Protein chains: 2
Amino acid sequence: MTFELTILGATSATPTVGKHPTSQLLNYNDQFYLIDCGEGTQVQLLRYDFKFNRINHIFISHLHGDHYFGLLGLLFSMHLQKRTNDLHLYAPRGLDEIILTHFKHSKSVLHYTLIFHPFEGNEPELLLDNEDITVTTIPMNHGILCCGFLFREKPKKLNINKERLPTNLPVPLILALKDGEDIFFEGKLIRNEELTLPPKPLRSYAFCADTKYTESIIPQIQNVDWLYHEATFTEDLAHRIEEGTYHSTAKQAAMIAKKSNAKQLIIGHFSVRYGDLNILLQEAKEVFENTVLAVEGHTYQITA
Amino acid sequence: MTFELTILGATSATPTVGKHPTSQLLNYNDQFYLIDCGEGTQVQLLRYDFKFNRINHIFISHLHGDHYFGLLGLLFSMHLQKRTNDLHLYAPRGLDEIILTHFKHSKSVLHYTLIFHPFEGNEPELLLDNEDITVTTIPMNHGILCCGFLFREKPKKLNINKERLPTNLPVPLILALKDGEDIFFEGKLIRNEELTLPPKPLRSYAFCADTKYTESIIPQIQNVDWLYHEATFTEDLAHRIEEGTYHSTAKQAAMIAKKSNAKQLIIGHFSVRYGDLNILLQEAKEVFENTVLAVEGHTYQITA
């Protein structure tokens, strides 16, 4: 089952030529989930050949402009493309007022239904639970209401061990095996594990949005497979955090990865001051070796 | 005196890769005036090497997103660049509420003073009158409150005709000549025009924003030097206007240029359906020969 992450933007605060603010597109089983939507996101989607109308769920971590100033443009482009399917928007309360204020003054009515799901951010909250995944908020520490999002794959039907399967087993019993049940066949009880393959491990992705170094998130993301954590600064600029920017260093991102026993760390939200991002990568790798940079346009396979 | 126009975006409705929604930068005497601010405008300014902080006046024609969705990002980038000089924003009432709603939910306070000048759009209104230019609204016909902007150069001091100037003429009398006064010198009245060069014609630029074909604007822009008029469609799609899009065809833009006796027409706001824009250019030229396309990144000299 496809589970992959494409980086649409990984720079902090201000876009520049070729560098876009935060946005990520998660593809699970060809269902597309957009995470944050900085200015220019709709053009980034076009640049990397993603169709707007494949996106049915948008998650906005917080209401700083570099995480949502591209949202209204995307919503209107979907409208102009005559979208008809519902769009679910998960965001802090307030974004609804921002959107409605624009609608009022532009006298706009969307062709499609936009369903707003506000979250509070005080404690983890289940936002979405469909046949493929669950999505839960991860409360961050960023000065204003800000949440990351934990995407967890849900258990699938079991695969049959074809080498052991009796050739004359009726279909209803095969389906029962795939559902994990033991079966009675030809007068005998057959344990499920005798005829099925072990279930694949369930994969997970934690998007940890803008935040100060915050160990309170560790229990929730313990043993996550892929962890995105912001890494705005190098350690020598840690004083910028004390000055109230509520961001993290690359080393701090790596410490969170290590303490939460993540398998893989991906860092982003880089300050534009860094021409060469390897300085951030090296700093993180000294603490947590399995680190990669979030690179615009790159797609990463979420592996267990 | 510099008077030039740079096109930052000339596409309609939805940005695509390499095509940006409406934004123009007018440079008069190294004072920069931004007209409309579609999504991506701040990056376009960077791409063409314009400094944000040289802009002290921003004019927004109307509150459709493709004309202002880049504004909040630009305002915040100016803030992050520690701007201190005042910024004047001229726009329909409502943009203030949109901006304040974002400020409230992002808990933002700008470093600099943003001065909001709302306009009504029922009749021409003088928005700005400084030592260089005047700017007046041009009420358009676009379904919601929408104005163009008429930029007029102000009279300058006269130039002295050095070939005729008496060598012993005192400086105060020279200054009086430059101010257009007649003078008494060595017992004689000298008419101003005897010692000065004829004043240069005053240049003007009319930005005619999104609109249906509307002859009511013609008296106000009569004899304008450079006229920007939107040209979203070709004539064969004129029915799209009847369907309520409130836009113009290239031919209609040219008819306005002809009837207003403009010297030069520049067309823009092109529907993304046109891969080759020459079809729009040719249609306009059949009615008004002095037509050019608004091309992103190009700078046009506003000549009389």
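Fair warning: this is a prediction, and the values are worked out from it, not measured in the lab. Lettering of chains follows the sequences in order, A, B, ..., and the numbering in each one begins at 1.
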For chain B, the option from A:Leu45, A:Leu72, A:Leu46 that forms the most heavy-atom pairs under 4.5 Å: A:Leu72

Spatial distance of atom CD1 (B:Ile60) from atom CG (B:Leu71) [nearest 0.5 Å]: 5.0 Å

Partners passing ring pair (Phe, Tyr, Trp, His ring centres under 6.0 Å) against A:Phe52 (at least two apart in sequence or in another chain): none

A:Leu110 atom CG: more than 12 heavy-atom contacts under 6.0 Å: yes

Atom pair SG (B:Cys37) and CD1 (B:Ile58), whose distance is rounded to the nearest 0.5 Å: 6.0 Å

Distance-only criterion, 3.5 Å: which donor-acceptor pairs connect chain A and chain B?
| from | atom 1 | to | atom 2 | distance (Å) |
| --- | --- | --- | --- | --- |
| A:Glu39 | OE1 | B:Gln42 | NE2 | 2.9 |
| A:Glu39 | OE2 | B:Gly40 | N | 2.7 |
| A:Gly40 | N | B:Glu39 | OE2 | 2.7 |
| A:Gln42 | NE2 | B:Glu39 | OE1 | 2.9 |
| A:Tyr68 | OH | B:His102 | ND1 | 2.4 |
| A:Glu97 | OE1 | B:Lys104 | NZ | 3.0 |
| A:Glu97 | OE1 | B:His105 | NE2 | 2.8 |
| A:Glu97 | OE2 | B:Lys104 | NZ | 3.0 |
| A:His102 | ND1 | B:Tyr68 | OH | 2.4 |
| A:Lys104 | NZ | B:Glu97 | OE1 | 3.0 |
| A:Lys104 | NZ | B:Glu97 | OE2 | 3.0 |
| A:His105 | NE2 | B:Glu97 | OE1 | 2.8 |

Heavy-atom closest pair, residues B:Ala231 and B:Ala250: CB-CA, 3.7 Å

Distance flag, aromatic centroids of A:Phe76 and A:Phe103, threshold under 6.0 Å: yes

Residue pair A:Pro92 / A:Phe116: nearest heavy atoms and the distance that separates them: O-CZ, 3.6 Å

Residue part contacting chain B, namely of A:Leu80, when any heavy atom lies under 4.5 Å: side chain

Residue among B:Gly70, B:Pro21, B:Gly94 with most heavy-atom pairs under 4.5 Å to chain A: B:Gly94

